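Below you'll find the structure I mean.
What you see is a predicted model, and the numbers here were worked out from it, not measured in a lab. Residues: numbered from 1 along the sequence shown. Hydrogens, waters and symmetry mates play no part in the numbers below; they use all other heavy atoms, side chains included.
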Amino acid sequence: MTAGHPDRPSIPTALVRRLVDRQFPQWAGLPLRRVRMPRHPDALGQARKDFEWLPRLAPHLPLAVPEPVAVGEPGFGYPWEWAVTRWLDGDTATVHALGDSSGAAVELAGFLTALQRFAPDRAPTPAARADLTGEPLAARDRATRAAIAQVADVFDATAMTDLWNAALGAPGWDRPPVWFHGDFHTGNLLTTDGRLSAVIDFGELGIGDPARDLIIAFTLMSAAPRAAFRTALGVDDATWTRGRGWALATGLNAYTAYAADDPRVAAQTTRQITQALTG
């Protein structure tokens, strides 16, 4: 379950109670705690994708990932499929706790290396492959340039434009496509007793250019761990530049959408943008 946001409708606990009780009577009456449910069209298909791929990925990854156990159907006016997933204990990773840790940076590089090397026992079907194809960086061009203009009084517009042009102009991924998480940032990492323990929210899971997963270097890491992360992952200059572009574009998108209403998001995205500019 989740609280509301101006562009994402609230989902009442009573609605979730009805969905669970009707579709999964074995769990009827169990207590509910507000966490999250899909609440925007971009979530279409996420539950099925998680259910198909996460159990196959999990044995190959060095950190825990969500374990889906069922997929719920739309109902009672709720329009999307939704997932029932086993609970993962942990706290959200923070810059304060892990930002200066080269050990954590290398551990995250190891996670991405394992993800990129994943070879499923059978190739995705054409329909599944379409669902696993992420948008190219260039698809964000118009929105990113508009956001740069919108925040020119907050951040260095010339530096942002130069980085964005460099990212779009960098050579593309010319090797076989690899698996990427797609939304690999601080908020989707869990820690237990101060150590990385899990990666969550695989809604953007896909196959293609791994540069988008470099966002974590700019949301979490300071300069020295970032360098250790890059070395451990073996990232070339072109991929690193595209990764900086992804960090800039996603940071600007979140900043322009939410920073005015959420000081926490404002701080996180400000750091992401400025760190992407630093490189």
Side-chain angles (χ1 to χ4, degrees), residues 61-65 90-117 137 154-156 158-167 170-171 173 175 178-201 209-255 259 263-279:
L61 300 175
L63 296 171
V65 298
D91 301 311
T92 302
T94 65
V95 172
H96 175 74
L98 296 178
D100 292 325
S101 172
S102 292
V106 170
E107 192 171 3
L108 289 171
F111 177 89
L112 291 181
T113 297
L115 176 63
Q116 292 168 16
R117 289 177 177 170
L137 185 61
V154 181
F155 304 104
D156 186 334
T158 299
M160 289 189 292
T161 301
D162 288 348
L163 171 55
W164 185 241
N165 288 338
W173 183 251
R175 281 163 275 176
V178 296
W179 288 81
F180 55 77
H181 177 279
D183 198 19
F184 202 59
H185 61 75
T186 310
N188 286 334
L189 303 178
L190 298 182
T191 64
T192 303
D193 297 326
R195 293 185 57 85
L196 288 165
S197 58
V199 178
I200 61 173
D201 198 349
D209 181 2
R212 61 192 299 158
D213 280 348
L214 300 181
I215 291 172
I216 190 61
F218 308 99
T219 62
L220 178 65
M221 302 169 195
S222 59
R226 187 180 304 139
F229 171 79
R230 181 177 178 178
T231 298
L233 201 52
V235 180
D236 60 77
D237 289 345
T239 303
W240 190 256
T241 300
R242 295 195 308 276
R244 291 175 64 197
W246 277 105
L248 177 67
T250 56
L252 285 169
N253 178 67
Y255 184 92
R264 180 182 59 85
V265 172
Q268 290 173 341
T269 53
T270 294
R271 184 184 194 281
Q272 179 175 336
I273 293 164
T274 55
Q275 292 295 309
L277 293 175
T278 299

Can you tell me if CZ on Arg195 sees more than 12 non-hydrogen neighbours from other groups inside 6.0 Å?
no

Approximate separation, where rounding is to 0.5 Å, of Ile273 CD1 and Thr219 OG1
12.5 Å

Can you confirm whether Asp209 sits close enough to Phe180 that some side-chain heavy atom of one is under 4.5 Å from a side-chain heavy atom of the other?
no

Just verifying a value: how many Å separate Thr241 OG1 and Asn165 CG, rounded to the nearest 0.5 Å?
12.5 Å

Flag the pair Phe218 / Trp240 as yes when their ring centroid distance falls below 6.0 Å, and as no otherwise.
yes

Heavy-atom closest pair, residues Ala232 and Ala109
CB-CB, 3.7 Å

Full working for side-chain contact (heavy atoms from CB on, under 4.5 Å) between Leu214 and Phe229:
CA-CA 9 Å; Leu214 300 181; Phe229 171 79; 3.8 Å; yes

Leu137 versus Trp164: any side-chain heavy-atom pair under 4.5 Å?
yes

Closest non-hydrogen atoms of Thr186 and Ala93, given as atom of the first, atom of the second and distance, are CG2-O, 2.9 Å

For the pair Val199 and Leu61, evaluate side-chain contact (heavy atoms from CB on, under 4.5 Å) and give the outcome as yes or no after the intermediate values.
CA-CA 10 Å; Val199 178; Leu61 300 175; over 6 Å; no

So, taking the atom named CG in Leu248 and the one named OG1 in Thr274, what distance separates them when rounded to the nearest 0.5 Å?
10.5 Å

Could you tell me if the side chain of Asp213 sits less than 4.5 Å from the side chain of Leu115, heavy atoms only?
yes

Mark yes or no for whether Asp91, through its side chain, and Leu190, through its backbone, hold a donor-acceptor pair below 3.5 Å.
no

On a heavy-atom basis, which atom in Met221 and which in Arg226 lie closest, and how many Å separate them?
O-NH2, 2.7 Å

How long is the span from the NE2 atom in His185 to the CZ atom in Arg212, to the nearest 0.5 Å?
11.5 Å

Applying side-chain contact (heavy atoms from CB on, under 4.5 Å), run through Phe111 and Leu196 and close with a yes or a no.
CA-CA 11 Å; Phe111 177 89; Leu196 288 165; over 6 Å; no

Could you list the residues that satisfy side-chain hydrogen bond (donor to acceptor under 3.5 Å, both in side chains) with Thr250, not counting sequence neighbours?
Gln272

Rounded distance (nearest 0.5 Å) linking atom CZ of Arg230 with atom CG of Asp237:
5.0 Å

Straight-line distance of Asp156 CG to Leu163 CG, nearest 0.5 Å:
11.0 Å

Taking only residues two or more places apart in sequence, or in another chain, which ones meet Thr239 in a side-chain hydrogen bond (donor to acceptor under 3.5 Å, both in side chains)?
Asp236, Arg242

Which heavy atom of Tyr255 sits nearest a heavy atom of Val154, and at what distance?
OH-CG1, 3.5 Å

Testing the basics here: between Ala254 and Val265, what is the closest heavy-atom pair and its distance to 0.1 Å?
O-CG1, 4.0 Å

Over all atoms of both residues, closest heavy-atom pair of Asp183 and His181
N-ND1, 3.0 Å

Would you say that Ile215 contacts Phe184 through its side chain, given a criterion of any heavy-atom pair below 4.5 Å between the two side chains?
no

Verify side-chain contact (heavy atoms from CB on, under 4.5 Å) between Ile216 and Leu189, making sure each step is shown before the conclusion.
CA-CA 10 Å; Ile216 190 61; Leu189 303 178; 3.6 Å; yes

